[in-house]
Asks: 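Just dropping this structure here.
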Amino acid sequence: MRGHTIGALLLLLLAMWGGTMVSGIHGIADFSLKDHIGTGQPPAGWPMTGVLNSAGAIIFGHQMLAVLAALGILTLTVRALRSELPGPVRDGALIVGGLVILQFILGVTALVSGRYDIGVAHQMNAVLLLGGCCSSSSPCAGRPAARGGEMRQDRAVGTWLLLLAGMVFGMVVGGGHARTIGAGFTIQVWRPFTGFIPPLNAADWNQLYGLYQHTAQYQAQPIDMAQYKALFWPMFLDRCWGRLMACVFLLPFGYFLLKGRIQRKLALWLGFIFLLGAGQATYGWYMVQTGMYPGVVSPPPEWAAPHLLSAMLILLLLIWTGMSLRTPEPVPLEGASSLRGLASASVLLIWITMGFGALVATSGALHVYNSFPTMDGAWTPPGAFAQDPLWSNFVTNKGTVQFCHRLLATVTALTVLTTAVMGLRRRLPPALRDIFLLLALLVALQYVLGMATLVLGNNELGFVHELNAVLLFATAIAARHGLRGAVAAPVGALAAAE
Ligand code: HEM
């Protein structure tokens with residue numbers, strides 16, 4: 001049973017990896033991009049050149065792996081349902097079985113209809129499926145090893161994961177800088193493995209510049225080769241940073257695995273995080289190629305916000321797992337369960353506020369209502385629900401997204417400050433106290449930076465505000481991690497306190 005389990009999970013991981021390749025080559029549209037590109041025909045060699053350009057082989061490989069993975073998981077599901085396993089495991093098996101069938105239906109529908117939105121749903125369901133397979137009640141595997149307290153201490157492995165978390169921050173620096181200078185659409189090729197080689201001669205430059213000339217951004221505001229090169233290099237370095245991250249993940253991973261320092265469950269969990277990273281990179285490419293769509297002159301908000309939020313989820317998993325490996329035993333903290341709840345709420349609220357911040361930044365809402373606390377004298381923006389359908393107001397209506405971001409930011413800042421003050425008033429280990437102090441400082445700075453960015457309408461300050469948000473998010477995660485051992489005060493202690 002255990003062998004089958006590992007086999008099914010490996011097949012699922014491989015199928016998901018193949019799926020990201022299919023996305024990258026626009027497999028579901030079978031290369032007929034003429035509907036999407038303003039100029040009619042896709043330019044030669046676009047979107048993918050280099051070693052992995054055999055579309056048919058990639059699509060076929062993905063489908064075969066998907067069939068094998070689905071059969072494996074369904075077999076395990078049926079076995080689990082027919083066994084005497086405890087109720088929750090049987091429920092988990094039912095959910096995983098349902099997800100695998102849904103995954104198949106979504107995949108076939110995406111392929112037949114060639115619709116990207118169904119493709120995205122298919123991608124998301126794959127992540128849920130993998131999560132389900134790794135969960136404690138799944139028919140496939142035990143609980144993911146990321147739960148603190150169940151891990152063996154290994155400071156080196158933990159530090160390596162924290163280094164990767166630092167590299168995610170570096171990626172946000174690169175991505176945020178690219179957004180600030182408007183470089184997002186400059187490299188319209190996807191060469192996952194060979195793209196670290198820069199253009200070496202005039203022909204290379206002409207090919208890249210020629211592709212960029214197909215974008216709506218260029219057509220709206222043409223630039224010459226020298227200006228193109230100035231935009232190209234920051235974007236090129238950002239993408240190379242992503243490749244470096246893959247190496248910094250895979251090489252130590254292989255080393256630790258060979259040395260027996262990573263157990264099976266932890267290996268699966270880390271493989272899952274790696275796949276999220278690969279999905280993030282593919283998603284990034286999707287976002288870049290929207291530059292070829294007519295009228296799209298900068299990365300659309302509905303693409304950019306999920307990109308930032310999923311990067312933050314990867315950051316969370318890396319920090320949490322890294323810290324858990326460094327200090328697997330939670331420090332027991334009596335009477336701190338409400339503080340732990342507040343810390344969890346802080347992490348969640350910061351994350352949601354960041355999502356709306358990304359909508360503000362990418363919808364151009366920085367340049368409307370540049371006053372605080374009112375919005376040009378009013379408390380709510382006029383025409384907040386002017387767009388149809390209603391939900392689109394919360395994504396692309398500049399006034400509405402800015403209002404949501406202000407409101408959420410205020411609730412978030414108050415929650416985080418309360419958490420920090422409560423933490424500082426308790427008797428906590430010194431390192432944890434420092435984290436709460438940092439949390440208070442960063443949230444105050446974040447609010448001030450947000451106000452200044454808005455009132456001055458300053459894009460560069462917005463970039464600093466974005467980076468500070470990531471630091472704030474990471475600090476809130478560290479504070480929440482330090483409270484893992486928090487328990488409610490014993491009843492006797494409460495009575496004595498009264
Ligand atoms: C806890 C508080 C806050 C958090 C976590 C937060 C988070 C963020 C993030 C992550 C971004 C950038 C997203 C991106 O570039 O993709 C952003 C953008 C922005 N935020 Fe905030 N923010 C907070 C408070 C505020 C406040 C209080 C204001 C103003 C009253 C504000 C105004 C803005 C503006 C105008 C932008 C767009 C910047 C640009 O276009 O470059 N933020 N926020």
Asks: Would you say that L313 contacts W351 through its side chain, given a criterion of any heavy-atom pair below 4.5 Å between the two side chains?
Replies: yes

Asks: Evaluate the side-chain proximity of L268 to F272: yes if any heavy-atom separation is below 4.5 Å, no if none is.
Replies: no

Asks: Does anything in residues 169-178 pair up under side-chain hydrogen bond (donor to acceptor under 3.5 Å, both in side chains), and if so which pairs, sequence neighbours excluded?
Replies: none

Asks: Classify the ring geometry of F232 against F236: parallel below 30°, tilted from 30° to 60°, perpendicular beyond 60°.
Replies: parallel

Asks: What residues form a side chain to side chain donor-acceptor pair (under 3.5 Å) with Q387, not counting sequence neighbours?
Replies: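 Here the qualifying residues are S392, T396.
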
Asks: Have T290 and W303 got a donor and an acceptor in their side chains that come within less than 3.5 Å?
Replies: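 Their side chains do not contain a donor-acceptor pair, so the 3.5 Å distance test is not met.
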
Asks: Is there a side-chain contact between F169 and L471 in this structure, where contact means two heavy atoms from C-beta onward sitting under 4.5 Å apart?
Replies: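 A side-chain contact under 4.5 Å exists here.
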
Asks: Look up atom OG1 in T362 and atom CZ in R179, then write down how far apart they are to the nearest 0.5 Å.
Replies: 7.5 Å

Asks: Sequence neighbours excluded, which residues qualify as side chain to side chain contact (heavy atoms under 4.5 Å, CB included) partners of A165?
Replies: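 Result, side chain to side chain contact (heavy atoms under 4.5 Å, CB included) vs A165: L315, L318, I319.
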
Asks: With sequence neighbours left out, what residues match F253 under ring-ring contact (aromatic ring centres under 6.0 Å, His included)?
Replies: F249

Asks: For R340, check salt bridge (charged side-chain N to carboxylate O under 4.0 Å, His left out) against everything at least two apart and list the hits.
Replies: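 If we apply the salt bridge (charged side-chain N to carboxylate O under 4.0 Å, His left out) test to R340, skipping adjacent residues, there are no hits.
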
Asks: Flag the pair V288 / I187 as yes when at least one side-chain heavy-atom distance between them is below 4.5 Å, and no otherwise.
Replies: no

Asks: Do L342 and T415 touch side chain to side chain, with heavy atoms closer than 4.5 Å?
Replies: yes

Asks: Using the ring of each side chain (for Trp, its six-membered ring), is H465 parallel, tilted or perpendicular to H405, with breaks at 30° and 60°?
Replies: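 Plane angle over 60°, so perpendicular.
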
Asks: Which heavy-atom pair separates L483 from A343 by the least distance, and what is that distance?
Replies: CD1-CB, 3.8 Å

Asks: How about F394 and W391: are their ring centroids closer than 6.0 Å?
Replies: no

Asks: My understanding is that only residues two or more places apart in sequence, or in another chain, count here; which of them pass salt bridge (charged side-chain N to carboxylate O under 4.0 Å, His left out) with D238?
Replies: none

